[in-house]
Amino acid sequence: MIKNFRLKKTNSLIALALLASAPVFAQTTQVNDVKPFAPESEFRTWSIGVGAGIINQWNVMGFRRDYGGVESQLGYNFYVKKQITPAFGLKAEYLGGKLNGSAEGSNDKFSTKLPWSAALSADVTLANISWRHQQGVIKPYLSLGIGALNYNPTITTGGAEHEIGSTTKAFIPAGLGFKFGVANGINIDLGYQLNLANTGSLDGWNTGKKDMFSYVHAGLEFALGDATKPFLGSRNPVVDMRKEYQASYDELATALKAQKEENEALKAQLATDLADDDGDGVANKFDKCPGTAADAKVDGSGCPLPEAKKVVQQITVTEEDRRVVDEAIKNLEFDLSKATIRPTSYPSLDKVAGLLVEKNFSLKLAGHTDNTGSMKLNMRLSKERAEAVKAYLVSKGANPSRIEATGYGPTQPIATNATAEGRQANRRVEFTLY
């Protein structure tokens with residue numbers, strides 16, 4: 001049973017001051033977001049703590065006391081801690097105070113000064129409990145360590161005081177408590193610590209039993225270092241992973257929305273560009289002569305073709321002539337996506353040039369493509385290939401005025417463009433002798 005419970009007003013004021021001062025240290029500094037599995041350098045890992053509270057020989061087990069009457073006195077502590085992981089840290093702690101007690105039924109009593117103690121403890125955070133996805137609001141913890149305790153007992157028996165003298169012994173501090181996050185790197189610390197001394201004379205009487213004493217305290221913990229970095233001891237990895245997932249999701253959703261809008265704009269533009277208002281087979285975008293009749297014969301730019309002049313001279317095209325032309329068409333090859341004639345086509349074209357020179361034939365060259373690629377590119381490529389064939393024939397002596405080169409792009413297919421064979425058939429240059 002605890003007798004003569006006397007906690008001085010000073011003790012209460014110190015504890016209340018510690019609790020009330022926490023909001024004063026609330027930081028408005030913007031704290032960096034840290035991704036999951038970030039290195040230790042992204043966090044603050046060192047902290048200091050200070051506290052005060054009640055120190056006495058009472059303990060939760062209710063044993064190992066030589067004096068039945070327990071008096072509570074002021075205790076105080078200070079520590080430096082290195083956080084290794086969000087759940088584990090090492091703490092070097094100083095504890096001081098005074099123990100008082102009295103014997104029941106007599107005037108015998110003791111008073112033991114505790115000038116100092118130094119202990120190294122392992123701190124284990126059981127959980128960083130988050131509210132509304134905020135970091136580390138409630139942090140229950142356990143601690144266990146070993147250290148050295150200096151004590152100086154004075155006993156009073158029969159009305160006479162006897163000072164025993166200063167002694168230093170090993171002791172084991174074990175604690176539990178809760179930390180409450182009030183700001184980034186600032187925690188209120190409420191805890192209970194049971195201390196087992198490696199001596200039976202802590203109260204001045206050595207009865208062979210190891211003495212115990214308790215320390216119930218309130219305090220503040222402050223993280224050291226760059227305030228823009230989060231404190232490792234308040235980290236909740238699950239929350240970090242959720243934030244990373246949400247940020248990635250939002251980024252992808254924004255990019256997808258922008259891509260959809262761009263696609264819709266391109267579809268609308270394509271519909272406008274490929275419209276053929278006059279029905280001449282040339283899209284509006286490339287039609288330089290809009291408004292031509294639907295049945296009018298036009299060139300690749302949509303302009304009407306000049307009417308063929310009547311030829312007075314009778315020209316007869318024989319089967320052999322057609323065979324020469326067919327062979328040239330069959331052997332005609334260009335470099336991929338270019339208007340450059342491959343040398344393998346020269347012999348067949350030379351024979352066509354000979355026909356034009358010898359028989360004074362006229363020749364119409366019509367370039368065609370499949371529908372792969374843009375309309376603009378196909379119209380240009382078909383025209384350039386027809387012109388390339390004309391230029392070669394002219395270089396071999398053919399009359400340029402009797403050769404007409406026209407490009408139709410994909411507008412006059414002879415097979416389906418849905419298959420590779422069909423597209424191959426549509427990529428051609430037609431020769432028409434007359």
Write down the atom of Leu349, the atom of Ala328, and the distance for their closest heavy-atom approach.
CD2-CB, 4.4 Å
Can any side-chain N or O of Asp321 pair as donor or acceptor with the backbone N or O of Thr318 at less than 3.5 Å?
yes
Checking side-chain contact (heavy atoms from CB on, under 4.5 Å) for the pair Leu305/Glu404: CA distance, chi angles, key distance, verdict?
CA-CA 11 Å; Leu305 291 171; Glu404 176 187 344; 4.2 Å; yes
How long is the straight-line distance from CG of Asn152 back to CG of Leu99, given to the nearest 0.5 Å?
12.0 Å
Short side-chain to backbone donor-acceptor contact, Arg427 and His368, under 3.5 Å:
no
Please evaluate residues Leu95 and Asn195 with respect to the criterion side-chain contact (heavy atoms from CB on, under 4.5 Å), reporting the C-alpha separation (whole Å), side-chain torsions for both, the decisive distance (0.1 Å), and the verdict.
CA-CA 11 Å; Leu95 173 65; Asn195 302 278; 4.3 Å; yes
Under 3.5 Å, side chain of Thr416 to main-chain N/O of Gly422, donor-acceptor pair present?
no
Taking every heavy atom of Leu381 against every heavy atom of Ala339, the minimum-distance pair comes out as CD1-N, 4.2 Å
Salt-bridge present (Lys260, Glu264; N to O < 4.0 Å)
no
What heavy-atom pair brings Leu332 and Ile341 nearest, and what distance separates the two atoms?
CD1-CG2, 4.2 Å
Measuring only between side-chain heavy atoms, which start at C-beta, is Thr167 closer than 4.5 Å to Thr199?
no
Identify the heavy atoms of Pro86 and Gln83 that sit nearest to each other, and give their distance.
O-NE2, 3.6 Å
To the nearest 0.5 Å, what is the distance between CG (Asp203) and CZ (Phe213)?
12.0 Å
Quick one, Ile414 with Asn426, criterion side-chain contact (heavy atoms from CB on, under 4.5 Å). Give me CA distance, side-chain angles, the key distance, then yes/no.
CA-CA 6 Å; Ile414 61 173; Asn426 289 332; 3.5 Å; yes
Within the 4.5 Å heavy-atom criterion, are Glu387 and Lys390 side-chain neighbours or not?
yes
If you measure from CG on Leu149 to CG on Asn198, what distance do you get to the nearest 0.5 Å?
10.5 Å
Which word best sums up how the rings of Tyr192 and Trp58 line up, parallel for under 30°, tilted for 30 to 60°, or perpendicular for over 60°?
perpendicular
Taking the side chain as everything from C-beta on, heavy atoms only, tell me whether Pro410 gets closer than 4.5 Å to Asp370.
no
Please determine whether a side-chain nitrogen of the Lys or Arg among Arg44 and Glu221 lies less than 4.0 Å from a carboxylate oxygen of the Asp or Glu.
no
Pro39 vs Glu42 side-chain heavy atoms within contact, under 4.5 Å
yes
Determine yes or no for a side-chain-to-main-chain donor-acceptor pair under 3.5 angstrom, with Ser345 supplying the side chain and Asn331 the backbone.
yes
Counting only N and O atoms by type, is there a donor-acceptor contact under 3.5 Å from the side chain of Ser72 to the main-chain atoms of Asn56?
no
Hey, is NZ on Lys297 packed in by over 12 heavy atoms from elsewhere, all under 6.0 Å?
no
Point-to-point distance, once rounded to the nearest 0.5 Å, from CE of Met212 to CZ of Phe171
13.0 Å
Is there a donor-acceptor contact under 3.5 Å from the side chain of Arg423 to the main chain of Asn417?
yes
Pair Asn150, Ser166: side-chain N/O donor-acceptor within cut-off below 3.5 Å
yes
Under 3.5 Å, is there a donor-acceptor pair between the Tyr79 and Ser121 side chains?
no
To the nearest 0.5 Å, tell me how far Asn187 CG sits from Ile138 CD1.
12.0 Å
Under a 3.5 Å distance rule, please check whether Lys179 uses its side chain to pair with a backbone N or O of Ile186 as donor and acceptor.
no
Pairwise distance OG1(Thr112) to CG(Asn100) - rounded to 0.5 angstrom:
8.0 Å
All heavy atoms of Thr344 vs all of Glu333, minimum pair found to be OG1-OE1, 3.6 Å
Is the shortest side-chain N to carboxylate O distance from Arg322 to Glu319 below 4.0 Å?
yes
Nearest heavy-atom approach of Gly367 to Ser382 is O-CB, 3.4 Å
Any side-chain heavy atom of Glu320 within less than 4.5 Å of one from Arg323?
yes
Take atom NZ of Lys169 as the centre, draw a 6.0 Å sphere, and report whether it contains more than 12 heavy atoms from other residues, nucleotides or ligands.
no
Candidate pair Asp326 and Phe431, rule side-chain contact (heavy atoms from CB on, under 4.5 Å), full reasoning:
CA-CA 8 Å; Asp326 290 342; Phe431 291 58; over 6 Å; no
Do Ser214 and Leu194 have side chains that approach each other closer than 4.5 Å (heavy atoms only, starting at C-beta)?
yes
Mind checking whether Ile329 and Glu430 have side chains closer than 4.5 Å, heavy atoms only?
no
Check for a donor-acceptor pair, side chain of Asp123 on one end and backbone N or O of Phe88 on the other, with a separation under 3.5 Å.
no
Flag side-chain contact, heavy atom, 4.5 Å: Leu142 against Leu126:
yes
May I ask you to check if Lys364 and Tyr434 form a cation-pi contact, with NZ or CZ under 6.0 angstrom from the six-membered ring centre and within 45° of the axis?
no
